[in-house]
Amino acid sequence: MPELPEVEVVRRGLERWVAHRTVADAEVLHPRAVRRHIAGPDDFAHRLEGHRIGTPSRRGKYLWLPLEDTGQAILAHLGMSGQLLVQPHEAPAEKHLRVRVRFTDALSTELRFVDQRTFGGLSLHDTTPDGLPDVIAHIARDPLDPLFDDEAFHLALRRKRTTIKRALLDQSLISGVGNIYADEALWRSRLHYERPTATFTRPGTAELLGHVRDVMNAALAVGGTSFDSLYVNVNGESGYFDRSLDAYGREGLPCRRCATPMRRRPWMNRSSYFCPKCQRAPRPA
DNA sequence: AAGCTCTCCTGATGGC
DNA sequence: TGCCATCAGGAGAGCT
């Protein structure tokens, strides 16, 4: 499940293997993979041809490849199971290959978008003057962005009438955090996922943001989390952070701080993992 | 109007 | 063994 660290690993791979190459042609094998490109699969493919790829960028879980001299960029979201792979031309087609992009140079590799569950996708969009695709203007800066505004985030938490995990997953407040890193950061902060955001103090918010950044940087350093092998880098390799997870997926296992068995609770059509002793439920209002 | 629920999708897994 | 239910969950549409 790609979140910020995993998407950043992919971005770095694209920077190394795809940036500055010119598109020869593109092929859409499954229309759902480009459903956010309103003009359709043929238009998407044709508009890439002949254009050079700039330096890949990322905000939260979105990444994009600028198309030089067009004012547009290829926007990518990996969803649950999307992969951007740099493969030799002769590599057999993956079972869930959705889009293929070939280049004009003599390097023997092509870019492939592979996605089992098709929650992810590619699309082309105009970029705003700061280089951001216009359709993700509502996505907040992510916590590893030097321009992320900690004070504004704190004030937004105070203003909201919701709970902390919902807020962490709200991409318009803070981007790049998904279910795994939310649970990890909350465990590190000894916070229950249902703590009301309005109760946060400045030091409390600062501590939480510190843990969000720490856990994401630690994951980034080992290539991200590959919990179920659906996440891989552009060379098809898994990351190693799954073995460093303290909360996510650890139902029944001892808390690494206090040895109390960890719990899993159904939450928003997914799961929350937490230590019932370290992360006490807030008092009912 | 903010906050919350629902829906899209495929494959792995478990119960009977 | 086969069949059905459940689970994984990002993000935006839609509802209250």
Side-chain angles (χ1 to χ4, degrees), chain A residues 1-8 10-11 28-38 58-64 75-84 93-99 113-123 125 132-143 155-186 193-199 212 216 224-232 238 242 245 247-252 263-273 285:
Chain A
M1 303 131 217
E3 302 178 26
L4 185 153
E6 293 75 36
V7 178
E8 175 59 17
V10 171
R11 191 203 65 78
V28 177
L29 294 99
H30 194 312
R32 189 174 152 79
V34 295
R35 67 193 178 286
R36 290 188 76 180
H37 189 83
I38 305 305
R58 182 189 54 74
R59 175 176 285 195
K61 304 171 199 172
Y62 283 94
L63 67 81
W64 62 94
L75 181 66
H77 197 293
L78 302 179
M80 286 293 299
S81 55
Q83 304 174 340
L84 282 164
E94 291 77 6
K95 181 173 181 188
H96 303 291
L97 177 62
R98 310 303 192 193
V99 179
F113 180 68
V114 176
D115 192 6
Q116 177 198 104
R117 295 176 204 169
T118 66
F119 278 21
L122 306 181
S123 46
H125 302 280
L132 198 72
D134 54 11
V135 294
I136 60 164
H138 65 293
I139 300 293
R141 291 185 185 275
D142 60 64
L155 294 176
L157 285 188
R158 297 284 310 186
R159 210 161 41 232
K160 291 266 174 197
R161 291 296 173 264
T162 187
T163 50
I164 188 58
K165 189 166 170 183
R166 281 183 187 279
L168 286 175
L169 297 183
D170 182 343
Q171 305 296 302
S172 68
L173 283 181
I174 179 171
S175 69
V177 183
N179 203 40
I180 295 177
Y181 295 105
D183 279 4
E184 294 300 308
L186 290 170
Y193 57 95
E194 286 186 318
R195 166 70 68 87
T197 56
T199 67
V212 169
M216 285 184 164
T225 301
S226 301
F227 195 73
D228 59 8
S229 81
L230 284 179
Y231 162 71
V232 292
S238 294
D242 60 312
L245 295 174
Y248 186 83
R250 303 196 74 244
E251 181 182 21
R263 287 195 187 153
R264 178 177 74 90
R265 285 283 175 276
W267 182 85
M268 275 179 74
N269 282 333
R270 58 204 73 183
S271 293
S272 271
Y273 297 89

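Just so we're on the same page: letters track the sequence lines, and every chain starts at 1.
Of the side-chain N and O atoms in A:Tyr231, none sit less than 4.0 angstrom from OP1 or OP2 of C:dA8. OP1 or OP2 of C:dA11 has at least one side-chain nitrogen or oxygen of A:Gln171 nearer than 4.0 Å. Considering only side-chain N and O atoms, A:Lys95 lies under 4.0 angstrom from the phosphate OP1 or OP2 of B:dG11. The shortest distance between the side-chain N/O atoms of A:Lys61 and the OP1/OP2 oxygens of C:dA11 is below 4.0 Å. Note on A:His138: a side-chain N or O is less than 4.0 Å away from OP1 or OP2 of C:dG12. Between A:Ser81 and the phosphate of B:dG11, there is no side-chain N or O to OP1/OP2 separation shorter than 4.0 Å. Within the structure, a side-chain polar atom (N or O) of A:Arg264 is placed less than 4.0 Å from OP1 or OP2 of C:dA8.
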Could you write out each protein N or O paired with an N or O of nucleotides 4-8 of chain B at a distance under 3.5 Å?
from  : atom 1 : to       : atom 2 : distance (Å)
B:dC4 : OP2    : A:Thr162 : OG1    : 2.8
B:dT5 : OP2    : A:Arg166 : NH2    : 2.8

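To the nearest angstrom, P of C:dG12 lies 16 Å from CE of A:Met80. One atom, CG of A:Leu78, and another, C1' of C:dA11, lie 14 Å apart when rounded to the nearest Å. In this entry the distance linking OH of A:Tyr273 with P of C:dC7 reads 11 Å, nearest Å. One can place NZ of A:Lys165 at 19 Å from P of B:dG3, the figure rounded to the nearest angstrom. Regarding A:Leu122, its CG atom lies at a distance of 15 Å from the P atom of C:dA11, rounded to whole Å. Atom pair A:Leu63:CG and C:dA11:P shows a separation of 12 Å (rounding to whole Å applied). Nucleotide C:dG10 holds its P atom 11 Å from the CZ atom of A:Arg117, rounded to whole Å. In this entry the distance linking CG of A:Leu157 with P of B:dG3 reads 11 Å, nearest Å.
Proximity of A:Tyr273 to A:Arg250: side-chain heavy atoms (C-beta onward) are nowhere separated by under 4.5 Å. Under the 4.5 Å side-chain criterion, counting only non-hydrogen atoms from C-beta, A:Val114 is in contact with A:His96. A:Thr199 has its side chain out of reach of A:Ile164: every pair of non-hydrogen atoms, C-beta onward, lies at least 4.5 Å apart. Residues A:Pro133 and A:Tyr62 are not in side-chain contact: their nearest non-hydrogen atoms beyond the backbone lie 4.5 Å or more apart.
Residues that satisfy the side-chain hydrogen bond (donor to acceptor under 3.5 Å, both in side chains) test with A:Arg265, not counting sequence neighbours, are absent from this structure.
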Q.
side chain to side chain contact (heavy atoms under 4.5 Å, CB included), that's the test. Do A:Val7 and A:His77 meet it? Break it down for me.
A. CA-CA 9 Å; A:Val7 178; A:His77 197 293; over 6 Å; no
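Proximity note for A:His96 (side chain, C-beta onward) versus B:dC9, C:dA8, B:dG11: the nearest is B:dG11. For A:Ser271, whose side chain is taken as the heavy atoms from C-beta onward, the closest listed nucleotide among C:dA8, B:dC9, C:dG12 is C:dA8.
The only option from A:Asp183, A:Thr197, A:Asp170 that meets the side-chain hydrogen bond (donor to acceptor under 3.5 Å, both in side chains) definition with A:Lys165 turns out to be A:Asp183.
Within 4.0 Å of A:Arg36, counting heavy atoms only, lie sugar-phosphate atoms of the nucleic acid but no base atom.
Taking a cutoff of 4.0 Å between a charged side-chain nitrogen and a carboxylate oxygen, A:Asp142 and A:Arg58 qualify as a salt bridge.
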